[in-house]
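First comes the structure, then the notes that go with it.
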Amino acid sequence: MPSNFIKSIISGDVRSGQTPQVVTRFPPEPNGYLHIGHAKSLCLNFELAAEFGGRTNLRFDDTNPLKEDEEYVRAIEEDVRWLGFEWASLCFASDYFEEMYERARLLIQKGKAYVCDLSAERIRETRGTLTVPGQESPFRNRGVEENLELFTHMKRGEYADGAKVLRAKIDMASPNLNMRDPVLYRIAHAVHHRTGDAWCVYPMYDYAHPLGDAIEGVTHSLCTIEFEDHRPLYDWVVRECEMPNRPRQYEFAPLNLPNTVTSKRKLKQLVSERVVDGWDDPRLPTLSGLRRRGYTPEAIRNFERAIGVSKSNSIVDERMLEHFVREDLKLKAPRTMAVLRPLRVVVINYPEGQMEWLEAENNSENPDLGTRTVKFSRVIYIEQDDFMDNPPPKYFRLYPGNEVRLKHAYFIRCEEVVRDADGRVAELLCTYDPETKSGSGFSGRKVKGTIHWVSADDAAPAEFRLYEPLVRDGATDESDSMLTRINPNSLEIVQGFVESSMKSAKPYDKFQFFRHGYFSADPKLTTPDRLVFNRVVSLKSSFGV
RNA sequence: CGGGGAGUAGCCAAGCGGUAAGGCGCCCGGCUCUGAACCGGGAACGCGGUGGUUCGAAUCCACCCUCCCCCGCCA
């Protein structure tokens with residue numbers, strides 16, 4: 001991993017002997033699926049610890065049963081593994097409920113916490129504002145015994161939700177709102193996905209997180225910058241709860257991408273309102289969506305490594321992400337031919353009934369991928385875009401009278417354009433030159449363009465799914481108009497053909513379709529008799545249309 | 001005078017007092033059976049601003065400007 005400020009800090013701690021073994025953790029709340037932004041944290045935590053010979057836990061921050069679900073736990077585990085990370089321990093904040101409860105009693109005994117009967121509304125009103133200090137709760141000075149007893153009753157579920165909370169006794173006049181007697185425990189008669197109905201009180205993030213870190217022996221607790229002003233509270237909890245381990249929190253800037261929804265709430269909304277086809281819709285930046293789209297773990301990891309780590313707000317150009325998939329798939333994916341929008345071509349001087357199998361390398365830059373054969377015959381399909389009636393100056397594909405090369409085959413010349421009743425191009429009549437066969441070493445004349453094609457009697461029907469951003473510009477802010485900015489063209493479905501050699505494509509099989517881009521067989525829609533390819537990313541093009 | 005952060009080329013981002021890495025993107029040329037890839041080359045910054053310290057500052061000091069976060073019994 002390239003140099004960054006967190007790595008420098010850890011490096012210093014290791015060198016000074018302060019940190020014999022680096023321990024980090026990735027702490028998702030199981031209330032949604034992981035997305036590309038989480039991958040940044042994932043990579044940071046796992047790769048950094050690994051670099052220093054340390055370990056990383058996967059810890060679910062499951063302290064709010066109202067929002068969490070087992071489904072998310074499974075999905076998150078799968079995504080973390082898919083990215084290629086192995087956790088040292090699988091942990092749950094809920095595993096520590098008992099210890100957290102005991103530490104809370106310790107806080108009460110030390111006079112550092114109290115049970116407050118104020119309503120949520122009153123607590124808000126007495127918290128003060130950014131510029132006005134808060135007011136102390138009338139329950140702030142209850143005795144230790146009374147607090148202990150009330151807290152016990154809270155735990156037993158003897159009060160209604162919201163009737164009471166346990167608060168830290170810190171400083172209602174602190175300029176840092178987080179220190180104004182923050183709530184540590186709230187009452188919730190809810191069924192927890194792991195502890196069932198064993199608990200009626202649940203710890204808040206600010207209390208549970210530092211304790212979870214300390215219990216696990218985490219040395220460096222990495223989180224995003226919005227938690228920066230929670231750090232004094234984090235330290236307070238660790239100190240006042242007298243935890244033997246003293247983890248340190250460090251904050252980094254989260255990843256932002258243009259035209260990308262990375263708010264869990266919004267992703268959830270898109271899924272529940274069926275704007276998309278589930279959490280793994282290929283248009284989503286979720287890891288499961290990217291996986292289904294055809295992105296690879298390596299591409300995502302290399303991307304995360306390349307964007308670096310700092311504390312400044314930033315928006316990373318999405319072309320960077322695209323660059324890293326292209327780079328990863330370049331040598332891995334076989335390069336085959338697919339015609340997305342077919343135009344029929346009859347090679348009029350190629351004998352009817354004749355055909356031949358041509359040899360084609362699967363990846364000219366990676367011989368290990370071997371070769372395959374491609375059928376050539378009298379009738380073929382080419383791309384509609386590869387023919388123009390009245391081409392602009394620099395167009396070197398097919399047009400009346402022009403000659404191009406058919407990839408892996410022959411030169412063909414456009415002799416005649418056949419039109420339908422509306423005058424539109426229906427098919428092309430071309431001639432081929434047998435002398436120009438690929439691999440023959442022919443050098444008699446050159447041709448400017450090479451186009452791809454598929455023989456009509458060898459073409460396997462296939463569906464291609466082309467994607468554009470799900471939301472338009474400006475849709476990443478927190479305003480509620482996201483649904484009004486959905487891009488109606490985010491998914492375009494096109495029916496065309498691929499070489500018959502691809503009939504056996506399996507889910508997630510990846511190809512570079514010549515001159516189109518990288519495609520991946522859709523895992524949900526591809527069946528033995530139906531081929532569906534998702535376009536991962538197009539090829540770059542310097543051809544200005 | 002609420003508190004906490006951040007400002008280095010179009011976008012990320014190194015640098016930590018010695019005279020501006022790298023990646024993405026962009027432009028030009030070469031090569032090419034993918035207008036891809038690849039290979040050359042290039043443009044673009046003097047480091048938010050102003051003062052100051054210093055032989056020398058993006059790096060130190062002062063002041064200023066701009067942007068982001070914080071008033072959930074969410075995380």
Side-chain angles (χ1 to χ4, degrees), chain A residues 2-4 8 27-29 31 61 63-64 66-68 116 118-121 123-125 127-134 161-167 174-180 182-188 202 204-206 208-209 223-232 251 253 255 258 264-265 302-303 305-324 326-327 330-331 335 337 360-361 364-365 394-397 404-409 411 436 438-439 442 446-452 512-517 538-544:
Chain A
S3 161
N4 65 59
S8 302
E29 182 190 10
N31 68 343
D61 246 335
T63 56
N64 186 354
L66 270 10
K67 296 187 173 178
E68 296 151 9
C116 179
L118 254 25
S119 66
E121 190 183 8
I123 287 182
R124 174 162 38 78
E125 289 165 0
R127 184 156 29 228
T129 68
L130 298 180
T131 52
V132 178
D161 290 3
K164 288 178 166 49
V165 291
L166 181 73
R167 289 228 252 171
S174 172
N176 182 341
L177 292 275
N178 296 122
M179 301 300 268
R180 316 239 265 228
V183 172
L184 264 24
Y185 270 92
R186 75 282 217 183
I187 298 171
Y202 291 92
M204 300 289 290
Y205 167 87
D206 281 319
H209 204 86
C223 64
T224 42
I225 41 182
E226 67 267 28
F227 291 103
E228 211 143 19
D229 47 20
H230 288 241
R231 194 168 61 222
E251 310 84 12
L255 167 65
K264 267 192 191 176
R265 202 196 97 242
N302 290 338
F303 165 73
R305 208 168 285 138
I307 59 173
V309 182
S310 75
K311 298 186 74 155
S312 58
N313 292 334
S314 60
I315 300 176
V316 177
D317 192 329
E318 66 265 48
R319 286 177 295 188
M320 238 216 254
L321 215 207
E322 297 178 346
H323 163 79
F324 284 99
R326 290 194 189 100
E327 183 187 73
K330 182 172 59 188
L331 300 181
R335 281 124 77 148
M337 299 192 284
E361 54 202 350
S364 55
E365 292 179 273
K394 285 294 189 77
Y395 188 83
F396 38 78
R397 276 111 93 149
V404 299
R405 179 194 296 279
L406 290 179
K407 179 75 184 173
H408 298 310
F411 285 10
T436 61
S438 286
F442 174 81
K446 297 243 180 215
V447 102
K448 262 301 218 184
T450 296
I451 65 174
H452 58 276
Q512 183 203 104
F513 291 153
F514 267 101
R515 306 202 302 134
H516 279 302
S538 64
L539 249 30
K540 293 212 300 182
S541 172
S542 59
F543 178 58

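Labels below follow one simple rule: chain letters A, B, ... track the order of the sequence lines, proteins then strands, and each chain is numbered from 1.
In this structure, Phe513(A) reaches neither bases nor backbone, as no heavy-atom distance under 4.0 Å exists between it and the strands shown. Contact annotation for Val309(A): backbone-only contact, meaning every heavy-atom pair under 4.0 Å involves sugar-phosphate atoms and none involves a base. Counting non-hydrogen atoms under 4.0 angstrom, Lys394(A) reaches a base of the nucleic acid. Residue contacts shown for Phe227(A) include a base, since a base heavy atom lies under 4.0 Å away. Here Lys330(A) lies in heavy-atom contact (under 4.0 Å) with sugar-phosphate atoms only. Counting non-hydrogen atoms under 4.0 angstrom, Val165(A) reaches a base of the nucleic acid. Within 4.0 Å (heavy atoms only), His516(A) reaches no atom of the nucleic acid at all. Nucleic acid contact for Arg319(A): sugar-phosphate only, since backbone atoms but no base atoms lie under 4.0 Å from a heavy atom of the residue. At the heavy-atom level, Leu118(A) lies under 4.0 Å from base atoms of the strands shown. When heavy atoms are screened at a 4.0 angstrom cut-off, His230(A) is found touching base atoms of the nucleic acid. When heavy atoms are screened at a 4.0 angstrom cut-off, Gln512(A) is found touching base atoms of the nucleic acid. Backbone-only contact: Arg127(A) has heavy atoms under 4.0 Å from sugar-phosphate atoms and none from a base. Residue Ile315(A) is classed as a sugar-phosphate contact, given heavy-atom separations below 4.0 Å to backbone atoms only. The residue Thr129(A) sits close to a base: some heavy atom pair falls under 4.0 Å.
Position along RNA chain B of the nearest nucleotide to Asp206(A) versus Ser8(A) favours Ser8(A) as the more 5'-ward residue. Residue Leu321(A) is the one, among Phe396(A) and Leu321(A), whose nearest nucleotide of RNA chain B lies closer to the 5' end (criterion: closest heavy atom).
The distance from atom CG of Asn178(A) to atom P of rC71(B) is 8 Å, rounded to the nearest whole Å. Atom CZ in Phe324(A) sits about 13 Å away from atom C1' in rC11(B), given to the nearest Å. With rounding to whole Å, Arg405(A) atom CZ is found 12 Å from rG35(B) atom P. A straight line from CZ of Arg124(A) to P of rC71(B) spans 12 Å, rounded to a whole angstrom. Remark: P of rC73(B) and NZ of Lys67(A) are 12 Å apart, rounded to the nearest angstrom. Computed from coordinates, the Asn4(A) CG to rC12(B) C1' distance equals 13 Å when rounded to whole Å. Following rounding to the nearest Å, Leu255(A) (CG) and rA13(B) (P) show an atom-to-atom distance of 10 Å.
The shortest distance between the side-chain N/O atoms of Arg186(A) and the OP1/OP2 oxygens of rC74(B) is below 4.0 Å. The side chain of His323(A) contributes an N or O atom lying less than 4.0 Å from OP1 or OP2 of rC24(B). For Ser310(A), a side-chain nitrogen or oxygen approaches OP1 or OP2 of rA13(B) to under 4.0 Å. Taking side-chain N and O atoms only, Lys540(A) has a distance below 4.0 Å to OP1 or OP2 of rG25(B). A sub-4.0 Å separation between OP1 or OP2 of rU34(B) and a side-chain N or O of Lys448(A) is absent. Contact annotation: Thr450(A) does not reach the phosphate of rU32(B) (side-chain N/O to OP1 or OP2, under 4.0 Å). Taking side-chain N and O atoms only, Arg326(A) has no distance below 4.0 Å to OP1 or OP2 of rU34(B).
When each of rC74(B), rC12(B), rG23(B) is scored by its nearest atom to the side-chain atoms of Glu29(A), the top-ranked nucleotide is rC74(B). Listed nucleotides rC12(B), rG23(B), rG72(B) differ in distance to Met320(A); the shortest reach to its side chain belongs to rG23(B). Here rC69(B) is the nucleotide among rA13(B), rC71(B), rC69(B) with the atom lying nearest to any side-chain atom of Glu226(A).
Looking at Arg397(A), its side chain comes within 3.5 Å of the base of rG35(B) through a donor and an acceptor atom.
Across the C1' atoms, rU8(B) and rU59(B) are found 11 Å apart, a figure rounded to whole Å. Atom name C1', nucleotides rG2(B) and rA9(B): the rounded distance is 37 Å, in whole Å. With both ends at atom P, the span from rC60(B) to rC47(B) equals 15 Å, rounded to whole Å. When the P atom is used for both rA37(B) and rG23(B), the distance is 15 Å, rounded to whole Å. Rounded to the nearest Å, the gap between the P atom of rG49(B) and that of rG40(B) is 35 Å. Straight-line distance between the C1' atoms of rC68(B) and rG25(B): roughly 25 Å, to the nearest whole Å. Comparing the same atom, C1', in rU54(B) and in rG18(B) gives a spacing of 12 Å after rounding to whole Å. As rounded to the nearest Å, rG10(B) and rA44(B) have P atoms that lie 11 Å from one another.
Looking only at side-chain heavy atoms (C-beta outward), Arg231(A) and Asn176(A) stay at 4.5 Å or farther from each other. The side-chain heavy atoms of Arg515(A) and Phe543(A), taken from C-beta on, include no pair separated by under 4.5 Å. Counting heavy atoms from C-beta on, the side chains of Glu125(A) and Leu118(A) never come closer than 4.5 Å. A heavy-atom distance below 4.5 Å is not found between the side chains of Pro182(A) and Arg127(A). Between Phe442(A) and Thr436(A) there is a side-chain heavy-atom pair separated by less than 4.5 Å. Leu184(A) is not listed as a side-chain neighbour of Met204(A), based on a closest heavy-atom distance of 4.5 Å or more. Between Ile451(A) and Leu406(A), some side-chain heavy-atom pair lies under the 4.5 Å cut-off. For the pair Ile123(A)/Val165(A), a side-chain contact is recorded, criterion being any heavy-atom separation below 4.5 Å from C-beta on.
No more than 12 heavy atoms of other residues, nucleotides or ligands lie within 6.0 Å of CD1 in Ile315(A), so this atom counts as exposed by the packing criterion.
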Dot-bracket, RNA chain B: Watson-Crick or G-U, under 3.5 angstrom, [ ] crossing, | other strand? .(((((((.[[[..)..(...]]].(((((.......))))).....[[[[[..)....]]]]])))))).....
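With its glycosidic angle within 90° of 0, rG46(B) is assigned syn. rG72(B) shows a glycosidic angle within 90° of 0 and is accordingly assigned syn.
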For each nucleotide in nucleotides 2-9 of chain B, reading 5' to 3', give B when a protein heavy atom comes within less than 4.0 Å of its base, S when such contact involves only the sugar-phosphate, and - otherwise. BBSSSS--
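We find that Glu322(A) and Lys540(A) are not joined by a salt bridge, their nearest charged nitrogen and carboxylate oxygen being 4.0 Å or further apart. Between Lys264(A) and Glu29(A), none of the side-chain N atoms (NZ, or NE/NH1/NH2) sits under 4.0 Å from a carboxylate O, so this pair counts as no salt bridge.
For Tyr205(A), the ring-ring contact (aromatic ring centres under 6.0 Å, His included) partners at least two apart in sequence or on another chain are His209(A), Phe227(A).
In the model, Thr224(A) has a side-chain atom that pairs as donor or acceptor with a side-chain atom of Glu226(A) under 3.5 Å. Side-chain contact annotation: Ser312(A) with Ser310(A), donor-acceptor N/O pair under 3.5 Å present.
Put simply, Phe543(A) rests on the base of rG35(B): the two rings are less than 5.5 Å apart at their centres and nearly parallel, under 30°.
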